[in-house]
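In what follows, every heavy atom counts, from backbone to side chain, and hydrogens, waters and symmetry copies are set aside.
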There are 4 protein chains.
Amino acid sequence: MSHNRPSRADAVRNRRRILEAAREQMGSHGSAAGMDDIAQAAGVAVGTLYRHFPTKADLVSAVIAEHVGEVAEDAEASLARARGGAPAIDELAGFLDRTTEAIAHNQAVKVAARSLGVEGPAEQPDEARASAAVGELIRRGQDAGTIRGSVSVADIYLLMATAPTDQPAAVRQRWLQLVLPGIRTGQ
Amino acid sequence: MSHNRPSRADAVRNRRRILEAAREQMGSHGSAAGMDDIAQAAGVAVGTLYRHFPTKADLVSAVIAEHVGEVAEDAEASLARARGGAPAIDELAGFLDRTTEAIAHNQAVKVAARSLGVEGPAEQPDEARASAAVGELIRRGQDAGTIRGSVSVADIYLLMATAPTDQPAAVRQRWLQLVLPGIRTGQ
Amino acid sequence: MSHNRPSRADAVRNRRRILEAAREQMGSHGSAAGMDDIAQAAGVAVGTLYRHFPTKADLVSAVIAEHVGEVAEDAEASLARARGGAPAIDELAGFLDRTTEAIAHNQAVKVAARSLGVEGPAEQPDEARASAAVGELIRRGQDAGTIRGSVSVADIYLLMATAPTDQPAAVRQRWLQLVLPGIRTGQ
Amino acid sequence: MSHNRPSRADAVRNRRRILEAAREQMGSHGSAAGMDDIAQAAGVAVGTLYRHFPTKADLVSAVIAEHVGEVAEDAEASLARARGGAPAIDELAGFLDRTTEAIAHNQAVKVAARSLGVEGPAEQPDEARASAAVGELIRRGQDAGTIRGSVSVADIYLLMATAPTDQPAAVRQRWLQLVLPGIRTGQ
DNA sequence: CATGAATGAGCGTTCATTCAT
DNA sequence: AATGAATGAACGCTCATTCAT
């Protein structure tokens with residue numbers, strides 16, 4: 001009796017394949033991606049998709065949740081570097097830059113980013129992780145005098161949600177330059 | 001023959017009614033507004049709608065164009081005040097504020113705002129007007145030393161396109177505060 | 001300007017074809033008949049079907065309404081004969097017999113028959129006609145002493161709704177014999 | 001090997017639980033009850049359900065069979081009372097009344113009642129029991145002169161199958177009054 | 001023998017677009 | 001030029017049944 005249940009391995013793999021396919025399809029068509037198309041891309045029948053995600057909304061939520069997880073990881077890595085001595089403002093800017101770029105390459109992440117900070121208090125563990133990391137990053141920058149005292153976690157989420165992710169890279173970079181002065185102190 | 005064939009005037013009036021209806025419907029439902037619904041709201045048949053706008057995309061473009069006209073007017077009014085002595089940076093900020101609020105109350109304007117500066121050089125006269133006015137506003141602020149030298153018309157369009165217009169008023173205001181330091185000089 | 005609108009003739013014919021097809025399909029499969037199948041049987045696309053009947057329930061209602069119309073006509077013809085001197089009880093029995101047979105050959109009529117007397121007061125004109133005719137038939141029989149005083153229109157509807165219409169003809173006839181003593185006087 | 005292979009007893013118990021769940025589910029939702037729902041209510045997996053009943057039709061039949069058993073018991077109890085001196089016609093009417101009421105409270109019984117007398121000769125032992133009891137009840141009433149000579153067991157089944165069981169209690173009672181004269185003698 | 005994941009045809013419905021009148 | 005009926009692909013979702021474990 002070393003494992004929970006028999007035959008669950010396949011189901012788990014299918015779930016993964018569905019999520020992967022959903023990420024891919026939603027990456028290109030946003031949440032307009034069709035359930036049948038996602039199922040086909042995943043190599044399963046629609047019924048299987050619906051067994052794993054009873055509703056399209058559920059599938060979208062799951063895809064979002066995954067991306068939020070990745071955002072959280074990036075935030076934590078940034079924080080780790082800041083703790084290690086890197087300037088917090090640089091880490092925060094880098095985090096914003098990377099997240100923005102990620103969204104630019106995957107429509108689904110955008111929806112994910114837009115969902116941050118919207119729900120009630122920390123409904124998702126991953127969001128809580130991201131918030132904690134970003135929060136400490138901000139505090140560190142404020143302590144070092146490089147981040148404005150008025151800046152909050154919600155502000156960062158707001159910027160992530162409004163990044164011009166469907167514009168060319170040059171535009172995205174310019175946007176970042178335009179927006180950073182609102183975060184950092186000086187000049 | 002006694003029966004009236006629709007005059008050019010009728011056609012023109014129909015075009016107007018359709019655009020009005022489209023603005024209204026898209027104002028509330030975004031571009032998800034149905035063609036039939038728009039036609040009905042305009043008091044014409046779908047066929048008539050399609051005669052004036054062969055494709056839904058065409059109708060959306062037309063609605064956008066109209067809003068661009070309004071943006072141009074606001075920009076020109078702001079410029080007029082600046083010419084009259086008002087601080088250019090204040091006028092620019094006010095312009096951004098008002099445009100953002102307008103978008104918040106009308107989904108269609110958002111699409112309009114996002115289309116600015118995207119096309120080839122000045123395809124639309126109204127966009128040219130807006131660009132001219134905003135451009136002079138910026139120059140005046142730069143001359144007065146209140147607007148950063150790096151700021152361009154495209155930057156303003158970029159901010160307009162990325163404003164968090166589906167968020168509550170408080171969030172929209174906070175966003176403006178967050179973004180203004182990237183435009184104005186000092187602190 | 002001799003007619004209301006142009007091109008309406010085709011639409012009317014389509015409506016008829018759809019109703020006919022619906023009667024046929026529902027005749028064999030009851031209200032489980034699929035919308036696509038009905039459309040195909042009618043020689044139109046689904047969209048056309050939905051233009052005429054926005055909901056499956058609407059189509060079913062329309063089919064029912066038609067059958068109720070036929071029931072009303074039979075009832076009125078029976079009444080006419082009774083007025084002309086035929087024994088009311090015989091006419092009532094014949095009416096029940098014919099209606100029952102009609103149902104036996106068309107599942108849809110059954111649903112129709114079951115809907116009689118269920119709704120609020122005379123929602124449908126045809127039902128009102130049927131009720132009036134059956135009512136007078138009963139009264140005449142009661143006056144002639146051949147129909148029990150306790151019998152009401154609702155009783156007739158109840159019998160129509162409970163006839164064993166999915167049974168062979170012999171069974172249906174036996175059922176009628178079984179049920180008639182509750183209506184007629186004597187023995 | 002130490003792990004238990006399911007005994008015959010387990011299989012029997014599963015069959016019972018499935019039937020119980022099916023009765024319950026079909027009682028409320030008729031034969032529209034879903035196989036998955038029934039399985040879940042029974043605490044088994046669908047596969048198990050299908051092992052016991054290879055087809056939904058088989059399960060429905062089994063549920064029906066059970067209810068036939070109950071009908072048989074009621075019929076036999078009625079007969080016992082008639083043998084003990086109670087008027088056969090009253091017992092027959094009571095039997096009809098009770099059966100009808102049972103159907104009204106359980107959709108599944110209806111299908112059961114409708115299946116009576118339809119199959120080949122006495123396919124089910126329970127149906128044979130019911131038929132024997134009802135048959136003797138009728139004969140006793142006929143001997144006593146209270147039940148019409150033409151009445152047969154099939155007639156009783158026919159009435160049971162056609163009772164207005166989805167109507168309010170008052171309607172069901174009226175129907176019984178309407179139908180009894182066809183069974184009993186005298187006015 | 002039990003499990004429950006997988007299948008896939010089918011359902012009712014929507015909507016941008018076409019075209020006969 | 002206007003009408004509005006017709007088209008049909010597409011959508012999200014259900015459910016009886018099969019089959020690998």
Nearest whole Å is fine: how far is F/dC19 C1' from D/Leu49 CG? 16 Å
Against the side chain of B/Tyr50, the closest entry in F/dG12, E/dT17, F/dG4 is E/dT17
Between P of E/dC1 and CZ of D/Arg13, the distance in whole Å: 15 Å
Go nucleotide by nucleotide along DNA chain F from the 5' end; which of A/Thr55 and C/Val44 gets its closest nucleotide reached first? C/Val44
Shortest side-chain distance from A/Asp10, nucleotide among F/dT21, E/dT3, F/dA2: F/dT21
Between C1' on F/dT14 and CG on D/Asp37, what's the gap in Å once rounded to a whole number? 11 Å
Length of the line joining B/Asp36:CG and F/dT3:C1', which is rounded to integer Å: 13 Å
Write down the distance between NE2 (B/His29) and P (E/dT14), rounded to a whole number of angstrom. 15 Å
Looking at F/dG8, E/dA9, E/dA2, which one has an atom nearest to any side-chain atom of C/Val46? F/dG8
DNA chain F: A/Ser31 or D/Ala32, which has the more 5' nearest nucleotide? A/Ser31
Between P of F/dG12 and CD of A/Gln40, the distance in whole Å: 14 Å
More than 12 heavy atoms of other groups within 6.0 Å of B/Glu70 CD: yes
Under 4.0 Å between a side-chain nitrogen and a carboxylate oxygen: does that hold for B/Glu20 and B/Arg13? no
In terms of the nearest nucleotide of DNA chain E, which residue is placed more toward the 5' end: C/Gly34 or D/Thr48? D/Thr48
C/Lys56, nearest nucleotide to its side chain (from E/dG12, E/dG4, F/dC13): E/dG12
In whole angstroms, how far is the P atom of F/dG4 from the CZ atom of C/Arg15? 17 Å
Just the rounded figure in Å: distance from C1' of E/dT3 to CE of D/Met35. 15 Å
Going by purine N1 to pyrimidine N3 plus the second Watson-Crick contact, or the G-U wobble pair, all under 3.5 Å, which nucleotide sits opposite E/dT21? F/dA2
Determine, for B/Glu66 against B/Arg15, whether the closest basic-nitrogen to carboxylate-oxygen distance falls under 4.0 angstrom. no
Phosphate OP1/OP2 of E/dC1 contacted by D/Asn14 side-chain N/O (<4.0 Å): no
dist C/Ile18:CD1 -> C/Leu59:CG (nearest 0.5 Å) comes out at 8.0 Å
Does C/Glu24, at its CD atom, have more than 12 non-hydrogen atoms belonging to other residues, nucleotides or ligands within less than 6.0 Å? no
